[in-house]
Amino acid sequence: PEVERLDLAEYGLVKPLLIQLYLSEQPHYTDHPQLTETELTDGVGQIEGTFEGENVILAVRDGEQLAGFCWCVFFDPGTGLEGEVAEVYVDAEHRGRGIARALVQSAVELFREKGVTLGYVWTRHDNETAIRLYRAAGFRDNRQLVLTWYPTGNP
């Protein structure tokens, strides 16, 4: 598959796939509101570089639409340039063709070109397909214990 970097003016092409991604992922997070496709469509709004830092969207096209995308974010918290694979999604009709592998490999190549000192990706523990994909691209399980804090809503 041919991977390209989208121009900012083309970021809107990501919206239909982003909504599919959200619809497929939200059932895994039952403690969050389960939104309808209409609510998600209305809520996503215009796609811009919405993550803090430099946003780069890599994509594989299927005619005028996208078959898949990989959204990368780059930022420097003062300790060196970090790169995150923020979102990866391939349309169900295009799976099994190596698109996700090509997108993630392109992201890793971009990390190298930019001189990223730390690159990471988040996924669910039970998302075995994604875990295999990321490990095949060179990502490894974190050597550090990462603790998280979530607000409980209680004062």
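Along the sequence shown, residues carry numbers from 1.
- Here Glu109 does not pair with Lys114 in a salt bridge; the nearest charged N to carboxylate O distance is not below 4.0 Å.
- Using a 4.0 Å cut-off between charged nitrogen and carboxylate oxygen, Glu10 and Lys15 do not count as a salt-bridge pair.
- The shortest side-chain heavy-atom distance between Thr129 and Asn127 falls under the 4.5 Å cut-off.
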Notebook entry, point to check: Do Leu18 and Trp71 pass the side-chain contact (heavy atoms from CB on, under 4.5 Å) test, and can you show the C-alpha distance, the side-chain angles, and the key distance before you say yes or no?
Noted result: CA-CA 10 Å; Leu18 200 56; Trp71 193 322; 4.3 Å; yes

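- Taking all atoms of both residues into account, the shortest heavy-atom contact from Leu81 to Gly115 is CB-O, 4.3 Å.
- Heavy-atom minimum distance, Gly68 versus Leu103: C-CD1, 3.7 Å.
- Looking at Glu4 and Leu58, their side chains never come closer than 4.5 Å, going by heavy atoms from C-beta outward.
- One N or O on the side chain of Asn55 and one on the backbone of Gly53 form a donor-acceptor pair closer than 3.5 Å.
- Annotation: side chain of Leu6 is in contact with side chain of Val14 (closest heavy-atom distance under 4.5 Å).
- The OG atom of Ser106 lies 11.5 Å from the CZ atom of Arg101; values are rounded to the nearest 0.5 Å.
- Contact check for Val85 versus Tyr120: no side-chain heavy atoms found under the 4.5 Å cut-off.
- Nearest approach of Arg135 to Arg140, heavy atoms of both residues: O-NH1, 2.9 Å.
- The two residues His125 and Ile131 have their closest heavy-atom pair at O-CD1, 3.5 Å.
- Looking only at side-chain heavy atoms (C-beta outward), Tyr11 and Leu13 stay at 4.5 Å or farther from each other.
- Contact check for Gln65 versus Asp91: no side-chain heavy atoms found under the 4.5 Å cut-off.
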Margin query: Run Glu87 and Leu21 through side-chain contact (heavy atoms from CB on, under 4.5 Å) and show every step you take.
Written below: CA-CA 9 Å; Glu87 305 284 6; Leu21 170 62; 3.1 Å; yes

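- Residues Pro1 and Arg97 have side chains not in contact (no heavy-atom distance under 4.5 Å, counting atoms from C-beta outward).
- Without hydrogens or angle criteria, Arg95 side chain to Val90 main chain gives a donor-acceptor distance under 3.5 Å.
- Taking Asp7 as the reference, nothing meets the salt bridge (Lys or Arg N to Asp or Glu O under 4.0 Å) condition, with sequence neighbours excluded.
- Within the 4.5 Å cutoff, no side-chain heavy atoms of Leu133 are placed close to those of Phe139.
- Of all heavy-atom pairs spanning Arg5 and Val56, the tightest one is NH2-CG2, 3.3 Å.
- For the atom pair Asp62 CG and Ile99 CD1, the distance stands at 8.0 Å (nearest 0.5 Å).
- Residue Leu118 holds its CG atom at 4.5 Å from CD of Glu82, rounded to the nearest 0.5 Å.
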Margin query: side-chain contact (heavy atoms from CB on, under 4.5 Å) for Gln20 and Tyr89? Distances and angles first, verdict last.
Written below: CA-CA 9 Å; Gln20 288 178 31; Tyr89 188 76; 3.2 Å; yes

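- The minimum heavy-atom distance between Phe74 and Gly83, with the atom names listed, is CD2-CA, 3.9 Å.
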